[in-house]
Amino acid sequence: MKNIIKKTTKILTATTLFAALNLGAYTEGVDYIKLEKPLNVAQDSVVKIFSYACQYCYKFDKSVTPKVAAQLEEGKFFPFHLSSKGSFGETASYVFIVTLLKDEEAGVDIFSDKSKFKKAKMAIYKATHDKGERFQTSDGKSDKAAFLKFALDAAGMSLEEYENALKNPLVKERFELWQESYEVAKLQGVPTFVVGGKYAIDSAKIKSISDLNKLIKELQSK
């Protein structure tokens with residue numbers, strides 16, 4: 001009888017421990033979805049799909065995104081800008097790609113205050129969401145030239161330097177890669193973190209940065 005009680009106690013203890021360990025487990029279809037068409041990125045990478053026109057993307061980039069990227073190995077985090085959102089979505093994407101490539105050439109981390117990408121991105125965010133700037137002409141039409149000049153001035157680039165940089169075949173290649181993010185954004189909205197190109201995390205379900213990092217690690221191990 002004592003042996004039976006001991007065995008039962010061990011089973012109950014093991015069951016309780018197992019349940020405790022799985023209490024914070026994440027569920028496909030709830031916390032994340034598996035993409036039918038994966039992004040063409042490395043398996044252990046983390047992509048953040050964002051738009052300069054999205055106020056939540058701005059909030060994430062001020063506090064969440066840098067801390068998430070800090071937990072990853074160097075070169076495993078990639079920002080993908082959504083060119084289809086915002087009056088200057090396509091222009092912003094090209095500016096971001098050019099500045100990212102400049103940062104890569106100079107060996108500058110994109111979260112550093114020296115980053116041209118960060119300077120352009122945060123300036124556009126602040127102008128759009130903090131100041132309500134719409135970059136319009138006097139007759140109310142969208143002023144692409146004014147938007148571009150503002151972004152380049154923030155990044156510390158001249159228009160000539162930018163136009164020369166656009167000739168780099170990597171710009172077109174990366175722009176086409178970023179277009180893949182459109183289908184993901186239709187499913188999950190923005191901002192969205194995609195792990196290994198296959199798993200898109202539901203940002204609305206994120207409870208904390210710690211929780212997000214745990215989910216990313218779990219998805220990287222799949």
[X] to [Y] - nearest heavy-atom pair and separation:
X	Y	result
T192	G189	OG1-O, 2.5 Å
Y182	L82	CA-CD1, 3.7 Å
P38	E180	O-OE1, 4.1 Å
R134	T128	NH1-O, 3.3 Å
A151	A120	O-CB, 3.9 Å

V194 side chain near I201 side chain, heavy-atom distance below 4.5 Å: no
Do Y162 and V95 make a side-chain contact, defined as non-hydrogen atoms from C-beta onward lying under 4.5 Å apart? yes
Interatomic spacing from [atom1] in [X] to [atom2] in [Y] - rounded to 0.5 Å:
X	Y	atom1	atom2	value
K214	D31	NZ	CG	13.0 Å
Y58	I124	OH	CD1	12.0 Å
E104	D109	CD	CG	11.0 Å
K205	Y26	NZ	OH	13.0 Å
I110	F96	CD1	CZ	11.5 Å
L187	L35	CG	CG	7.0 Å

Would you indicate whether E36, at its atom CD, is surrounded by more than 12 heavy atoms from other residues, nucleotides or ligands within a distance under 6.0 Å? no
When you look at CD of Q136, are more than 12 heavy atoms from neighbouring residues, nucleotides or ligands closer to it than 6.0 Å? yes
Let me check something: any side-chain donor-acceptor pairs from residues 139-147 under 3.5 Å, sequence neighbours excluded? List them with distances.
residue : atom : partner : partner atom : Å
D139    : OD1  : T137    : OG1          : 2.2
D143    : OD1  : A145    : N            : 3.4
D143    : OD1  : A146    : N            : 3.1

Go through the steps for K34 and E28 under the test side chain to side chain contact (heavy atoms under 4.5 Å, CB included), then give the verdict. CA-CA 7 Å; K34 187 173 183 179; E28 182 178 341; 3.5 Å; yes
[X] side chain to [Y] backbone, donor-acceptor under 3.5 Å:
X	Y	answer
E90	S84	no
S112	V108	no
S181	W178	yes
Q220	S45	no
H129	Y52	yes
D202	Y32	no
K116	A155	yes
S115	F111	no

For the hydrophobic clusters of this structure (ILVMFWY residues joined by side-chain heavy atoms under 4.5 Å, transitively), does one cluster hold both F80 and Y56? no
Identify whether V46 and L177 are in the same connected component of the hydrophobic contact network (ILVMFWY, side-chain heavy atoms under 4.5 Å). yes
With a 4.0 Å cut-off on N to O distance, would you call K76 and D44 a salt bridge? yes
If you measure from the Lys or Arg side-chain nitrogens to the Asp or Glu carboxylate oxygens, is any gap between K48 and D61 under 4.0 Å? yes
Step by step, work out the side chain to side chain contact (heavy atoms under 4.5 Å, CB included) result for C54 and K85. CA-CA 8 Å; C54 164; K85 186 175 175 63; 4.1 Å; yes
When N213, I209, I216 are each screened for side-chain contact (heavy atoms from CB on, under 4.5 Å) with Q71, the one that passes is N213
Qualifying residue, where the test is side-chain contact (heavy atoms from CB on, under 4.5 Å) with F193 and the options are I49, L212, V47: L212
Provide the full list of salt bridge (Lys or Arg N to Asp or Glu O under 4.0 Å) pairs with a residue in residues 151-173, sequence neighbours left out, each pair given once. K102-E161, K149-D153
Would Q179 and S83 count as a side-chain hydrogen bond (donor to acceptor under 3.5 Å, both in side chains) if you check the C-alpha gap in whole Å, the side-chain angles of each, and the deciding distance to 0.1 Å? CA-CA 7 Å; Q179 298 314 294; S83 65; 3.2 Å; yes
Could you give me the CA-CA distance, side-chain angles and deciding distance for Y125 and D130, then say whether side-chain hydrogen bond (donor to acceptor under 3.5 Å, both in side chains) is met? CA-CA 8 Å; Y125 270 146; D130 294 344; over 6 Å; no
Within 45° of the six-membered ring axis of F60 and under 6.0 Å from that ring's centre, is NZ or CZ of K62 located there? no
Measuring centre to centre across the rings, with the benzene-like ring taken for any Trp, is Y94 within less than 6.0 Å of F175? yes
Test side chain to side chain contact (heavy atoms under 4.5 Å, CB included) on L100 and R174; report intermediate values, then the result. CA-CA 10 Å; L100 278 168; R174 194 161 300 190; 4.2 Å; yes
